[in-house]
Colleague: 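Attaching a single structure in structure tokens format; questions to follow.
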Amino acid sequence: MRIRFGYVAMALGIPEGSPNKTVTASTLNKLADPFDRFSKLTRLVKENLSTQIRVLYYNLAHDIKVFRFTSKLVPLATHSITSGWNYSEEFQHELAEIGTLIKKAGIRVSAHPDHFAILNSKDANVLEATLSDLCYHVNLFDAMGLGIEAKLVLHVGGVYQDKLQALLRFKSEFSKLPSRIKDRIIIENDDRSYNANEVLSLCEDLKVPMVLDVHHHSCCNDGTALTDILPAIFATWGSMIPKIHISSPKGTKNVRAHADYINVDEFIGFLDIAKQYNQDFDVMIEAKQKDLALFSLMKDLRNVQGVTIINQGAIEY
DNA sequence: TCGTGTCAAGATCTT
DNA sequence: AAGATCTTGACACGA
């Protein structure tokens, strides 16, 4: 089976490789002239977008075809201080350039609204903020000219001590989403609330792909072995190539936090499970050292029996 | 320039 | 009811 690797948001292997530059609302508020606020924001977005393009070229130079965007390309995009700002139109040229590059190079991209985006929150304000955040991400994908293959990863969350009700609320809110959002959502098992089994059932119900996070599964599970559910998880992707997330625990005391690099033995453990299903898949590396962790894992994989290195960002196993 | 605090976000645990 | 905690990378600011 063929496995491709990707990393999240920023490149540590090149200078100025972070498209995460931002500003706080309070700093903007201190600028008396609205024009100054506007130009400060505009400068930051332009910088982030040009960094993003540079990072994509860097990825291509290293055969990395899987990438997750930062959610901060447009600082404060969903903050009330920028309400009415048509960033998609203002940066249409730059965003289109990014999209063209992605399509031409065949890069698989996604985004992951952070865990404050809660589709099934009981709080109407939180729900509104969540919808606005999802809309923001989709606005960027649309402006890039990317279709529904550009996915948005969500967690379930919104438990309030009642997981069953929370799941019902999730399904109900999901069904109300506009298709431009709904068609892009994929759901991931998390590290404390919803395990892989529960998310699998939800994904089967909603007919959306499931992202298996192998590390989260080891933090939060009901005793189900991956061997038993992996084929069903892969099946939620239909004809698409499944994607999984991997990371390693930071330490024995803090098992949920992400370590700098990926432990190759843990990953091989997963590969050995996956191998029996002979399904190609993509792997998102969630390690603090980002691209450097990817390179490090690839280096470690060179010494593993059964691994064939296809290029700097893919293996055959 | 360095270190500490703050910012964004929401749920949940503690006081 | 209010505050601390969790999480993340980067800004903001005082020393």
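Reminder, nothing fancy here: chain letters follow the sequence lines and each chain counts from 1. Being a predicted model, the structure only gives us computed values, none of them experimental.
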Colleague: If you check the Val159(A) side chain, which of dT12(B), dA12(C), dC13(C) turns out closest?
Modeller: dT12(B)

Colleague: Rounded off to whole Å, could you give me the CZ-to-P distance for the Phe170(A) and dA11(B) pair?
Modeller: 14 Å

Colleague: Any ion pair linking Glu198(A) and Lys163(A) (charged N to carboxylate O, less than 4.0 Å)?
Modeller: yes

Colleague: Search all heavy atoms of Leu146(A) against all heavy atoms of Ala150(A) and return the closest pair with its distance.
Modeller: CB-CB, 4.0 Å

Colleague: For Thr27(A), enumerate each residue passing the side chain to side chain donor-acceptor pair (under 3.5 Å) test, keeping only those at least two apart in sequence or located in another chain.
Modeller: Thr24(A)

Colleague: Tell me which one of His216(A), Glu188(A), Lys151(A) satisfies side chain to side chain contact (heavy atoms under 4.5 Å, CB included) with Val211(A).
Modeller: Glu188(A)

Colleague: Lys288(A): what forms a side-chain contact (heavy atoms from CB on, under 4.5 Å) with it, not counting sequence neighbours?
Modeller: Asp260(A)

Colleague: Among Val307(A), Asp63(A), Ile64(A), Ile315(A), which one satisfies side chain to side chain contact (heavy atoms under 4.5 Å, CB included) with Met298(A)?
Modeller: Ile315(A)

Colleague: Going by number, which of residues 114-133 of chain A have a non-hydrogen atom under 4.0 Å from DNA chain B?
Modeller: Phe116(A), Ile118(A), Ser121(A), Val126(A), Ala129(A)

Colleague: Using atom CD of Glu173(A) as one end and atom C1' of dG10(B) as the other, report the distance to the nearest whole Å.
Modeller: 16 Å

Colleague: Over the length of the helix from dT1(B)-dA15(C) to dT15(B)-dA1(C), how much do the five-pair end axes diverge, rounded to 10 degrees?
Modeller: 80°

Colleague: Whole-Å distance between dA9(B) C1' and His155(A) NE2?
Modeller: 14 Å

Colleague: Report yes if a side-chain nitrogen or oxygen of Thr24(A) is closer than 4.0 Å to either non-bridging phosphate oxygen (OP1 or OP2) of dA12(C); otherwise report no.
Modeller: yes

Colleague: Does Tyr160(A) put a side-chain nitrogen or oxygen below 4.0 Å from OP1 or OP2 of dT12(B)?
Modeller: no

Colleague: Would you please confirm or rule out a distance under 4.0 Å between OP1 or OP2 of dT8(C) and any side-chain N or O of Lys72(A)?
Modeller: no

Colleague: Which of residues 7-22 of chain A have a heavy atom under 4.0 Å from DNA chain C?
Modeller: Met10(A), Ser18(A), Asn20(A), Lys21(A), Thr22(A)

Colleague: So that I can tick it off, tell me whether Asp142(A) and Arg184(A) are bridged by a salt bridge, with the cut-off set at under 4.0 angstrom between side-chain N and carboxylate O.
Modeller: yes

Colleague: Heavy atoms only, 4.0 Å cut-off, all strands: where does Lys288(A) land among base, sugar-phosphate and nothing?
Modeller: sugar-phosphate

Colleague: Respond yes when some side-chain nitrogen or oxygen of Arg192(A) is under 4.0 Å from OP1 or OP2 of dT12(B), and no when none is.
Modeller: no

Colleague: So does Lys171(A) have more than 12 non-hydrogen atoms from other groups sitting under 6.0 Å from NZ?
Modeller: yes

Colleague: Between Arg256(A) and Asp191(A), is the closest basic N to carboxylate O distance under 4.0 Å?
Modeller: yes

Colleague: Out of curiosity, Leu76(A) CG to Thr22(A) OG1, how far, rounded to the nearest 0.5 Å?
Modeller: 5.0 Å

Colleague: Within this structure, what is the NE2-to-P distance between His112(A) and dT7(C), rounded to whole angstrom?
Modeller: 14 Å

Colleague: Quick one: is dC13(C) close enough that its OP1 or OP2 comes under 4.0 Å of any side-chain N or O from Lys30(A)?
Modeller: yes

Colleague: Hydrophobic clusters join Ile, Leu, Val, Met, Phe, Trp and Tyr when side-chain heavy atoms are under 4.5 Å apart, directly or via other members; which others share one with Val255(A)?
Modeller: none

Colleague: Can you confirm whether more than 12 heavy atoms, excluding those of Lys299(A), are under 6.0 Å from its NZ atom?
Modeller: no

Colleague: Could you check whether Ala25(A) gets within reach of a base, just the sugar-phosphate, or nothing at all, counting any heavy atom under 4.0 Å?
Modeller: sugar-phosphate

